[in-house]
Amino acid sequence: MAGSDDPRLGEIESRLHRDDPRFARALGAGRPCRPREYRNTRAWLLLAGALAVLGTGFALAHGLLIAAGLVLAGMAGELFDPQRDARRHRTSPPRS
């Protein structure tokens, strides 16, 4: 019974190494880091920049800065989604 799990475990391990090699190396060393989909440093930086642009737009009463801040905040919100890569690579159904 234990032998039947080995091929599946090997497949999971190879997929993990392919998808996120940094996480796989850290997991093998016994000090796992966060998986790639939960590393949000760029998203937080973009959100901070968006709020700065939005605040500046409000302070100067400048519509273009307000719009740019809202667009940047939307982009940052998209970066926080852990499943964004899975949706991007999903194949569309065939058209008839």
In residues 68-76, what donor-acceptor pairs under 3.5 Å come from side-chain atoms, sequence neighbours left out?
none

**Asked** Looking at residues at least two apart in the chain, or sitting in another chain, which of them share a side-chain contact (heavy atoms from CB on, under 4.5 Å) with Ser14?
**Response** none
**Counterpart residues, side-chain contact (heavy atoms from CB on, under 4.5 Å), relative to Leu27 (two or more places apart)** = Leu16, Phe23, Pro32
Do any side-chain atoms of residues 46-56 form donor-acceptor pairs under 3.5 angstrom with protein atoms, and if so which ones, sequence neighbours left out?
| from | atom 1 | to | atom 2 | distance (Å) |
| --- | --- | --- | --- | --- |
| Thr56 | OG1 | Ala52 | O | 2.8 |

**Arg42 side, atom CZ; Leu45 side, atom CG - distance, nearest 0.5 Å** = 10.0 Å
**Asked** Looking at residues at least two apart in the chain, or sitting in another chain, which of them share a side-chain hydrogen bond (donor to acceptor under 3.5 Å, both in side chains) with Arg15?
**Response** Glu11
**Item:** Heavy-atom closest contact (Leu79 atom, Ala43 atom, distance)
**Value:** CB-CB, 3.6 Å
**Asked** Which ring pair (Phe, Tyr, Trp, His ring centres under 6.0 Å) pairs, counting each pair once, include a residue from residues 40-61, with sequence neighbours left out?
**Response** Trp44-Phe80
